[in-house]
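Residue numbers count from 1 along this sequence. For clarity, every value in this text was computed on a predicted model and none was experimentally measured.
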Amino acid sequence: MATSQSIGERLHLLRLDLGWSAAECAYRLTLESNELIVPDNWETWERAADHDAAIQHFSRYASAVGRMFGIDPESLLNGPWYNPSKA
């Protein structure tokens with residue numbers, strides 16, 4: 001995959017690859033981070049450009065999201081990234 005994709009686009013594609021809804025991702029991140037994440041937050045992150053404030057908010061959850069998807073959080077934030085295995 002090209003590294004020209006935004007963080008939000010990578011997040012969206014990872015979610016679609018696993019067949020998860022935004023609500024399921026928000027729920028899983030809530031469990032992983034022990035903080036309430038609502039589906040609207042997740043959807044905002046997917047639509048955000050890298051320079052948006054929403055991505056700054058998202059970046060604090062990158063490690064937890066990486067664990068959820070089985071990828072290196074650094075690759076999620078900065079690319080290149082690879083599709084996770086379907087676990």
Side-chain angles (χ1 to χ4, degrees):
M1 290 282 160
T3 59
S4 62
Q5 291 172 322
S6 70
I7 295 166
E9 288 171 320
R10 290 192 291 271
L11 199 58
H12 178 74
L13 292 172
L14 285 166
R15 178 176 67 78
L16 292 179
D17 186 55
L18 291 174
W20 294 351
S21 68
E24 182 170 359
C25 288
Y27 174 74
R28 288 174 181 256
L29 184 54
T30 293
L31 296 176
E32 188 70 37
S33 68
N34 201 30
E35 293 183 39
L36 178 61
I37 308 297
V38 296
D40 285 347
N41 285 355
W42 191 275
E43 292 167 356
T44 297
W45 296 335
E46 286 188 5
R47 290 188 301 263
D50 287 350
H51 62 275
D52 291 348
I55 292 301
Q56 294 302 316
H57 181 248
F58 166 77
S59 65
R60 65 183 272 205
Y61 299 104
S63 293
V65 172
R67 287 189 300 272
M68 281 173 39
F69 288 128
I71 64 167
D72 176 30
E74 189 64 29
S75 69
L76 176 61
L77 293 174
N78 299 308
W81 71 286
Y82 304 98
N83 286 335
S85 62
K86 297 196 185 248

Problem - All side-chain contact (heavy atoms from CB on, under 4.5 Å) counterparts of Leu77, not counting sequence neighbours - result: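 Leu77 satisfies side-chain contact (heavy atoms from CB on, under 4.5 Å) with Ile7, Phe58, Ser59, Ala62 only.
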
Rounded distance [0.5 Å steps], [atom1] in [X] versus [atom2] in [Y]:
X	Y	atom1	atom2	result
Arg15	His12	CZ	NE2	5.5 Å
Leu14	Glu46	CG	CD	9.5 Å
Leu29	Arg67	CG	CZ	9.5 Å
Cys25	Glu32	SG	CD	12.5 Å

Minimum heavy-atom separation for [X] and [Y], please, with both atom names.
X	Y	value
Asn41	His57	ND2-CE1, 4.4 Å
Asp50	Gly8	OD1-N, 4.4 Å
Ala54	Ala48	CB-CB, 3.9 Å

Problem - Path from Tyr27 to Val65 over hydrophobic side-chain contacts below 4.5 Å - result: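 They do not share one cluster, since no chain of ILVMFWY contacts under 4.5 Å joins Tyr27 to Val65.
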
Practice task
Would you confirm whether the ring centroid of Tyr61 sits within less than 6.0 angstrom of the ring centroid of Trp42?
Solution key: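 So the answer is no for these two rings.
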
Exercise for the section: May I ask you to test the Trp20-Met68 pair for a side-chain heavy-atom distance under 4.5 Å? Expected result: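 Of all side-chain heavy-atom pairs linking Met68 with Trp20, at least one is under 4.5 Å.
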
Problem - Heavy-atom check, side chain of Leu13 versus side chain of Gln5, under 4.5 Å - result: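 Result yes, sub-4.5 Å side-chain heavy-atom pair found.
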
Practice task
For Thr30 and Ile37, indicate whether the former's side chain and the latter's backbone hold a donor-acceptor pair under 3.5 Å.
Solution key: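 Pair found, side chain donor or acceptor close to backbone of Ile37.
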
